[in-house]
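Both backbone and side-chain heavy atoms feed into the values below; hydrogens, waters and symmetry mates do not.
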Amino acid sequence: MPLLSFILLAPDTYVYITWGVLLVLSLALKLLWRHCRRWLRRTLLVLLLCCWHVFLWGTYVGFGRLEVVHIEYASADLPPAFDGYRIVHFSDAHVGTYSGRRQQILRRAVDSINAQHADLVVFTGDLQNREPQEVLQHQDLLATIKGRDGVCSVLGNHDYPMYIQASEYTKRLNRSLIETYQREMGWRVLTNNHITISRDSAHIVIAGMENDGTGRFPQLGNVVNALHGVTPRDFVVMLEHDPTAWRRKILPECHAQLTLSGHSHGGQFSLFGLTPAAFLYREHTGMYRSGQRALYVSRGLGGVVPFRFGATPEITVITLRSK
């Protein structure tokens, strides 16, 4: 893996770099103004103003916004006792980005999650940017997230020590710490295993796979282990950070009716429905179906780069319905 794949800059560094690039472009346009044809001057000016608008709005306004998305998923396999069961899904918190003035953004997101009074809260990975120490300053806040049946989580690619250069001992320690910190917050970390939630004599299964991506991303998901002991009659909600695993592993290897993912961030930029995520992922934003089975891909809360334009951060309230 190339060295550059390990390098993640501090979130504000990306902002400073963009400021510098746009200022240089603005100066260059000023110097070239008299030497360009009128139509070219106007074209370049409009493009430059658009770039300034996208950068300033996306960095200082869009990143701080939040949308609460309400959806329903109906299945004949869902026990009637769970009709109306509410799951709050959030993903890609990247809490290392919420320092300084951005801490209030994360606090508002946590308040919004708790305001939904969910039966269950699930988090589908990327809690940190690079190292688990980023979580410590937000641990007390994240511990306040509550659901009637608790909080379940899985690991995303950023939760593995793939973005640091360190000894194998340090990498194993970091991997252990990110799980430990979540358990200290009262979260149940599902690493290729599952829990059962009961109502009267009925139950549903909440399963979680380790990250299973493509290319350089960790490929550690194991469907068989995650659903060990689960019968084909059970209703299963599968948590998996990377949505590409849905077609590669989840659909062909198990019967999980509903899969929840993140990872794509909705591209963090969308204009007229066009997003760079569409070039990378077949399923990148929202609900997708294959017969009666479904995948929901969250746009997530944050990102290593503090920027959102047209791909508003979201938490999702999923109401289960029994057909």
Side-chain angles (χ1 to χ4, degrees), residues 5 8 11 14 54 58-59 62-63 65-69 71 73 87-98 105-106 109 113 122-130 153-160 162-163 208-221 237-251 256 258-290 293-318:
S5 67
L8 283 180
Y14 294 100
V54 169
T59 302
F63 189 75
R65 293 202 166 187
L66 181 67
E67 181 179 358
V68 180
V69 179
I71 63 172
Y73 174 71
I87 300 174
V88 169
H89 172 212
F90 73 111
S91 189
D92 300 274
H94 291 277
V95 298
T97 304
Y98 294 102
I105 300 175
L106 182 60
I113 292 170
V122 299
F123 174 71
T124 51
D126 278 4
L127 185 60
Q128 65 185 31
N129 288 340
R130 295 179 74 243
S153 67
V154 293
L155 303 180
N157 55 289
H158 279 266
D159 298 320
Y160 296 84
M162 62 176 292
Y163 295 100
M209 289 170 54
E210 290 205 50
N211 189 90
D212 202 279
T214 57
R216 63 188 179 89
F217 296 120
Q219 300 171 1
L220 301 171
V237 178
M238 179 69 80
L239 311 180
E240 161 57 45
H241 178 68
D242 195 309
T244 65
W246 187 55
R247 292 193 183 276
R248 286 187 294 103
K249 286 192 173 181
I250 296 171
L251 285 180
L258 176 62
T259 299
L260 304 178
S261 295
H263 185 58
S264 73
H265 299 195
Q268 293 191 218
F269 174 87
S270 179
L271 186 63
F272 305 120
L274 300 176
T275 170
F279 297 97
L280 299 173
Y281 305 103
R282 180 173 177 179
E283 290 88 17
H284 57 85
T285 307
M287 183 73 88
Y288 300 87
R289 296 182 182 273
S290 177
R293 303 171 67 185
L295 164 72
Y296 188 84
V297 185
S298 169
R299 295 190 299 266
L301 282 183
V304 177
V305 181
F307 172 89
R308 292 277 183 151
F309 188 94
T312 306
E314 72 166 90
I315 61 172
T316 314
V317 183
I318 303 162

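Remark: R247 CZ is packed, more than 12 non-hydrogen atoms of other residues, nucleotides or ligands lying under 6.0 Å away.
Two residues are said to be in side-chain contact when any heavy atoms from C-beta on lie closer than 4.5 Å; L301 and H94 fail this criterion. Considering only heavy atoms from C-beta on, E240 stays 4.5 Å or farther from E210 through its side chain. Looking at heavy atoms from C-beta onward, W246 lies in side-chain contact with S290 at the 4.5 angstrom threshold. With a 4.5 Å cut-off on side-chain heavy atoms, V68 and V317 count as touching. Side-chain atoms of S261 and T124, non-hydrogen and from C-beta on, never get closer than 4.5 Å to each other. Put simply, the side chain of M209 reaches to within 4.5 Å of the side chain of I250, judged on heavy atoms. Side-chain atoms of T244 and F217, non-hydrogen and from C-beta on, never get closer than 4.5 Å to each other. Annotation: side chain of R216 is in contact with side chain of M162 (closest heavy-atom distance under 4.5 Å).
Rounding to the nearest 0.5 Å gives a distance of 9.5 Å between OH of Y14 and OG1 of T97. With rounding to the nearest 0.5 angstrom, the OH atom of Y281 is 10.5 Å from the OG1 atom of T275. Interatomic distance, CG of L239 versus OG of S153, reported as 8.5 Å (0.5 Å rounding). Y73 OH to I87 CD1: the interatomic distance, rounded to the nearest 0.5 Å, is 11.0 Å.
The backbone N or O of L127 sits less than 3.5 Å from a side-chain atom of D159, completing a donor-acceptor pair. Within the 3.5 Å criterion, the main-chain N or O of V305 finds a donor-acceptor partner in the side chain of Q268. Side chain of S264 to main chain of H284: a donor-acceptor pair is present (N/O by atom type, distance under 3.5 Å, no hydrogens or angles). Put simply, the side chain of R293 gets close to the backbone of A256: a donor and an acceptor are under 3.5 Å apart. Judged by distance alone, with hydrogens and angles left aside, the side-chain atoms of R308 form no donor-acceptor pair with the main-chain N or O of T59 at under 3.5 Å. Side-chain atoms of S298 do not come within 3.5 Å of backbone N or O of G262 as any donor-acceptor pair.
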Take M287 and L295 through the side-chain contact (heavy atoms from CB on, under 4.5 Å) test and state the conclusion after the steps.
-> CA-CA 6 Å; M287 183 73 88; L295 164 72; over 6 Å; no
Can L260 and V237 be said to form a side-chain contact (heavy atoms from CB on, under 4.5 Å), step by step?
-> CA-CA 7 Å; L260 304 178; V237 178; 4.0 Å; yes
What's the verdict on side-chain contact (heavy atoms from CB on, under 4.5 Å) for F307 and V54, showing C-alpha distance, side-chain angles and the deciding distance?
-> CA-CA 9 Å; F307 172 89; V54 169; 3.6 Å; yes
Kindly determine whether Y160 and L220 satisfy side-chain contact (heavy atoms from CB on, under 4.5 Å), including the steps that lead there.
-> CA-CA 11 Å; Y160 296 84; L220 301 171; 3.4 Å; yes
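Proximity of the aromatic rings of H241 and H158 is defined here by a centroid distance below 6.0 angstrom, and this criterion is not met. Separation of the F90 and F123 ring centroids falls under the 6.0 Å cut-off.
What you find for M238 and G208 is that their closest heavy atoms are SD-N, 4.3 Å. Looking at every heavy atom in both residues, N129 comes nearest to L8 through O-CD1, 3.5 Å. Nearest heavy-atom pair, G266 versus A311, reported as atom, atom and distance to 0.1 Å: O-CB, 3.7 Å. P276 approaches G267 most closely through the heavy-atom pair CG-O, 3.8 Å. Summarising the geometry of P306 relative to P11, their closest heavy-atom pair is CD-O, 3.5 Å, with the distance given to 0.1 Å.
Using bins of under 30°, 30° to 60° and over 60° for the plane-to-plane angle, the ring pair H89/Y296 lands in the perpendicular bin.
Remark: R299 engages E67 in a salt bridge, criterion side-chain N to carboxylate O under 4.0 Å.
D92 and H263 share no donor-acceptor pair across their side chains, judged by distance under 3.5 Å alone. Side chain to side chain, N157 and Y163 meet the donor-acceptor criterion of an N or O pair below 3.5 Å. In the model, E314 has a side-chain atom that pairs as donor or acceptor with a side-chain atom of T316 under 3.5 Å.
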